[in-house]
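Working notes for the structure below.
First the proteins, then the strands, lettered A, B, ... as listed; each starts at 1.
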Protein chains: 2
Amino acid sequence: MGITKSEHFTDEQNELATLAKAIGHPARIAIIQHLIKVNSCVCGDIVNELPLAQPTVSQHLKELKNAGLIKGNFEGASICYCLNEEGFNKIRDFFEHINTYLKNKKNQCC
Amino acid sequence: MGITKSEHFTDEQNELATLAKAIGHPARIAIIQHLIKVNSCVCGDIVNELPLAQPTVSQHLKELKNAGLIKGNFEGASICYCLNEEGFNKIRDFFEHINTYLKNKKNQCC
DNA sequence: TCTTTATATTGCAATATTACGATATTAGAA
DNA sequence: TTCTAATATCGTAATATTGCAATATAAAGA
């Protein structure tokens with residue numbers, strides 16, 4: 001039906017899913033990579049970096065912001081975006097947990 | 001339009017997005033967590049662990065498999081699922097890269 | 001063979017996502 | 001104030017995702 005049955009899952013599961021989902025689009029990966037590449041806040045040039053129209057980029061930025069993966073500050077007329085450590089820490093912990101498991105796993109049949 | 005303009009992004013960006021997207025659903029997070037929790041391959045009991053009907057679970061398993069995040073082996077009449085190290089390594093590298101950046105970042109304005 | 005058990009596939013309805021043109025908003029510059 | 005530049009929001013079309021009942025398939029046991 002297109003509705004995710006969020007109420008049947010734990011808060012942690014829903015939160016991790018929201019973070020991963022927000023990252024799950026090539027334009028949003030590109031935004032994250034660009035923010036890392038320039039190693040500073042980015043004011044406005046993100047639209048020029050992406051092969052998408054301005055309203056579309058704005059929408060992707062909003063989703064990353066809502067998920068807690070980026071932060072935006074007003075910088076005069078434009079806005080300054082940068083990565084939000086908090087969001088990335090949460091999802092990093094999840095992958096570290098998986099990584100630790102994969103290193104020590106036993107009884108694997110496949 | 002609902003169409004992601006994949007052709008305008010790099011292979012790496014599309015691949016990372018596909019992996020993150022596959023993880024971006026609470027049911028699929030729950031499947032991953034269950035595979036870790038039992039610390040072995042899981043044959044069939046995943047359906048009983050989730051608050052979803054069998055066809056829905058089957059569909060989620062298929063998506064995780066297509067993304068390269070789990071593997072499935074036939075084990076008699078049932079199927080044995082476990083995590084696929086390869087897929088998780090790829091996305092882990094991405095997050096480690098981000099983590100390294102966040103630790104050393106300068107010139108942050110937000 | 002027939003049945004049972006486990007899993008996959010099909011088909012469809014409900015909802016979500018993606019993309020963008022048009023338009024609104026907001027802040028500085030003239 | 002008026003103009004301009006930067007960003008957000010609205011509205012909408014096209015497509016994707018989610019979920020499940022019904023059904024198909026495949027393997028093992030009686």
Next item on the list: Drop me the distance from A:I23's CD1 to B:I23's CD1, to the nearest 0.5 angstrom.
Entry: 9.0 Å

Notebook entry, point to check: Is B:K21 touching bases, backbone alone, or none of the nucleic acid, heavy atoms closer than 4.0 Å?
Noted result: sugar-phosphate

Between [atom2] of [N] and [atom1] of [X], the distance in whole Å:
X: B:K65; N: C:dA8; atom1: NZ; atom2: C1'; result: 10 Å
X: B:I79; N: C:dT5; atom1: CD1; atom2: P; result: 18 Å
X: A:I31; N: D:dT7; atom1: CD1; atom2: C1'; result: 13 Å
X: B:I23; N: D:dT17; atom1: CD1; atom2: C1'; result: 17 Å
X: B:I70; N: C:dA8; atom1: CD1; atom2: C1'; result: 14 Å
X: B:E7; N: D:dT15; atom1: CD; atom2: C1'; result: 14 Å

Item checked: By side chain to side chain donor-acceptor pair (under 3.5 Å) - contacts of A:N99 (at least two apart) -> B:R92

Notebook entry, point to check: Can you find a side chain N or O atom of A:K62 that sits less than 4.0 Å from OP1 or OP2 on D:dT9?
Noted result: yes

Next item on the list: Using the test salt bridge (Lys or Arg N to Asp or Glu O under 4.0 Å), find all partners of A:K90 that sit at least two apart in sequence or belong to another chain.
Entry: A:E15

Next item on the list: Applying side chain to side chain contact (heavy atoms under 4.5 Å, CB included), name anything that partners A:T100, two or more places apart in sequence or on another chain.
Entry: A:N104

Notebook entry, point to check: If the sugar-phosphate is the primed atoms plus P, OP1 and OP2 and the base is the rest, what is the B/S/- string for nucleotides 19-24 of chain D, using protein heavy atoms under 4.0 Å?
Noted result: BBBB--

Checklist line | Pairing residues for B:F95 by the ring-ring contact (aromatic ring centres under 6.0 Å, His included) criterion, not counting sequence neighbours | finding: A:F95

Item checked: side-chain hydrogen bond (donor to acceptor under 3.5 Å, both in side chains) partners of residues 48-57 of chain B, not counting sequence neighbours, each pair once -> none

